[in-house]
Amino acid sequence: MSAAEVLARCSELDLFSASTTGLERTHLTPEHALANRRVAAWLEAAGLRPWQDAAGNQCGRVEGRTPGLPALVLGSHLDTVPDAGSYDGMLGVVMAIDVARRLAPEVATWPCALEVVAFSDEEGTRFGTALLGSKAFSGQWDDAFWDLRDREGVTLHQAYLDFGLDPRRHHEAARDPASLVGYLEAHIEQGPYLEAADASLGYVTTIAGARRFRLTVHGEARHAGGTPYERRKDALVGASLAITAIERIARERGVIATVGRIEASPGAVNVIAGRADLSLDLRAPLDSARDAAWDVMAADIAATCSARGLRFEAIETHAAPAAPCAGWLQQAVRDGILRTGDADPMALWSRAGHDAMAVARVTDVGMLFLRCFDGISHHPGEDVREVDVAAGLVALEAAVRSAVRAYGAGATAAVPSPAVGLGV
């Protein structure tokens with residue numbers, strides 16, 4: 001396959017959409033089933049044995065020199081956000097299939113097997129909890145997930161049944177760490193740094209650990225006209241000051257903080273807000289940096305609120321640790337990029353989450369980033385260049401060979417990991 005054919009396959013997957021005006025394909029839907037079937041056909045044509053696992057992940061495998069050896073796994077995800085672009089996740093799956101096709105004839109001589117996995121749910125669009133496919137793969141399932149509901153009130157348990165899966169056999173999707181050599185994922189960067197450097201490819205040092213909070217500022221709702229400033233306890237003003245403090249502290253400390261939602265109540269134009277609720281998403285390459293920034297933010301906001309007669313409350317709603325890429329797989333990906341003629345591959349930390357975060361709980365992971373137009377993702381404007389995909393295929397194939405050599409030589413623990421802060 002050429003890079004153009006890889007991109008054409010991504011466009012082919014766009015046909016499996018629940019929306020007639022944009023791309024939307026979510027977990028355990030008819031569109032997901034159709035995409036799995038198409039990917040299964042591609043896997044079989046590439047020389048892999050395809051199967052759908054007990055969690056709806058589409059997999060394929062070619063055996064090494066002895067059947068049943070641990071596998072080096074390539075993959076990404078097939079699900080999307082609403083009104084999505086064509087490449088976030090899907091490009092990594094299609095690239096993995098083509099690289100596996102190129103390598104399949106020689107895998108019979110390898111000390112490991114080669115697998116491809118197309119994860120069923122990375123985005124969390126349908127049930128509000130991300131990484132359901134890779135969490136099943138990595139054995140991180142929480143039985144509370146079964147009661148998750150989509151917008152139509154359908155539970156995850158019922159969705160399994162509707163998809164033809166048996167929830168009682170869900171555990172069969174979990175991989176034994178001893179059955180895995182490592183995991184490599186190709187993905188669009190979802191950021192502007194490769195484009196700014198005029199570089200096609202980069203290797204990932206770590207995937208950001210995220211914490212999310214629901215922040216509440218409690219004040220007093222009173223008449224807008226009848227309450228002088230010195231007697232106001234305006235929760236919305238307190239929330240506004242909190243937002244500016246969050247941005248200032250995040251910039252100072254080199255972390256990423258986003259307030260994506262704010263709601264004031266009672267919400268009347270002539271009533272001072274008695275309460276303001278806001279969200280906070282906080283990310284950093286190191287958990288320690290992220291947590292230290294949060295401590296400073298929380299103390300600053302609490303002090304500001306106290307000075308204004310307001311009360312501040314914070315409830316953590318999500319926490320995920322950072323997932324460093326293994327040094328030997330970073331080196332393998334770097335070796336792959338060197339094969340494209342880039343003498344100084346760019347190191348990046350991933351601000352976005354990926355399936356590799358979950359997979360890192362059971363095996364070593366590495367990631368290859370491809371330049372994307374203006375850093376756009378999760379939007380129809382998402383775009384990649386054919387020349388970058390061509391380079392990515394060369395790099396991923398070479399990275400797999402490098403990883404297999406390292407594994408065969410027993411060098412998987414000997415390669416030092418580049419500094420997390422390297423690059424941008």
Side-chain angles (χ1 to χ4, degrees), residues 81 88 122-124 130-131 185 187-197 202-217 238-262 276-305 312-327 330 346-358 360-361 365-367 369 372 374-378 417-424:
V81 297
D88 176 0
E122 191 256 16
E123 304 289 2
L131 304 173
E185 180 171 355
H187 205 284
I188 60 171
E189 182 195 351
Q190 298 178 285
Y193 297 103
L194 287 171
E195 187 176 64
Y203 67 98
V204 178
T205 56
T206 188
I207 305 169
R211 294 177 72 181
R212 293 176 184 169
F213 299 87
R214 183 172 68 248
L215 310 181
T216 303
V217 178
S240 301
L241 294 170
I243 292 169
T244 57
I246 287 167
E247 182 184 47
R248 171 178 53 80
I249 294 166
R251 285 175 174 269
E252 291 170 353
R253 290 180 165 264
V255 303
I256 296 176
T258 304
V259 175
R261 183 172 61 244
I262 185 167
D277 294 281
L278 53 153
S279 64
L280 173 61
D281 180 292
L282 184 59
R283 307 176 186 224
L286 297 173
D287 292 345
S288 57
R290 177 200 64 196
D291 296 344
W294 165 243
D295 290 342
V296 174
M297 289 173 184
D300 187 292
I301 297 168
T304 298
C305 288
F312 172 61
E313 178 183 28
I315 298 174
E316 188 167 21
T317 58
H318 169 80
C325 292
Q330 287 187 51
M346 190 171 181
L348 298 151
W349 65 274
S350 175
R351 279 83 169 156
H354 302 283
D355 287 303
M357 296 178 70
R361 295 289 293 272
V365 302
M367 287 195 72
F369 269 176
C372 60
D374 201 31
I376 293 171
S377 71
H378 288 190
S417 176
V420 167
L422 188 63
V424 296

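Residues: numbered from 1 along the sequence shown. Just so you know, these numbers come straight off a predicted model, no measurement behind them. Heavy atoms only: backbone and side chains are in, while hydrogens, waters and symmetry mates are out.
For the pair Thr206 (side chain) and Trp349 (backbone), a donor-acceptor distance under 3.5 Å is absent. Remark: the backbone N or O of Arg261 is paired with a side-chain donor or acceptor of Ser279 at under 3.5 angstrom. Remark: side-chain polar atoms of Asp287 are paired, donor with acceptor, to backbone N or O of Ala322 under 3.5 angstrom. Without hydrogens or angle criteria, Gln190 side chain to Ser377 main chain gives no donor-acceptor distance under 3.5 Å.
Nearest heavy-atom pair across Met297 and Ile246 is CE-O, 3.5 Å. When all heavy atoms are compared, the tightest approach of His354 to Ala352 is CD2-O, 3.3 Å. Closest heavy-atom contact between Gly202 and Leu348: CA-CD1, 4.3 Å. Shortest non-hydrogen contact noted between Cys372 and Glu189 is SG-N, 4.2 Å. Between Ala239 and Leu278 the shortest heavy-atom distance is CB-CD2, 3.8 Å. Considering all non-hydrogen atoms of both residues, Arg253 and Ala292 come closest at NH1-CB, 4.0 Å.
Residue Ile262 holds its CD1 atom at 9.0 Å from CG of Asp277, rounded to the nearest 0.5 Å. Taken to the nearest 0.5 Å, the CG atom of Asp295 stands 10.5 Å off from the CZ atom of Arg290. The CD1 atom of Ile207 lies 7.0 Å from the CD atom of Glu185; values are rounded to the nearest 0.5 Å. Rounding to the nearest 0.5 Å gives a distance of 7.0 Å between CD1 of Ile249 and CD1 of Ile301. Remark: Asp281 CG to Arg211 CZ distance equals 12.0 Å, nearest 0.5 Å. With values rounded to the nearest 0.5 angstrom, Ile243 atom CD1 is found 9.0 Å from Leu215 atom CG.
Take His378 and apply the side-chain hydrogen bond (donor to acceptor under 3.5 Å, both in side chains) test, not counting sequence neighbours, and it matches Asp88, Glu123. Residues forming a ring-ring contact (aromatic ring centres under 6.0 Å, His included) with Phe213 (at least two apart in sequence, or on another chain): Trp294.
In this structure the side chain of Val296 never reaches within 4.5 angstrom of the side chain of Glu252, judged on heavy atoms. Looking at heavy atoms from C-beta onward, His318 lies out of side-chain contact with Arg214 at the 4.5 angstrom threshold. Contact check for Val204 versus His187: no side-chain heavy atoms found under the 4.5 Å cut-off.
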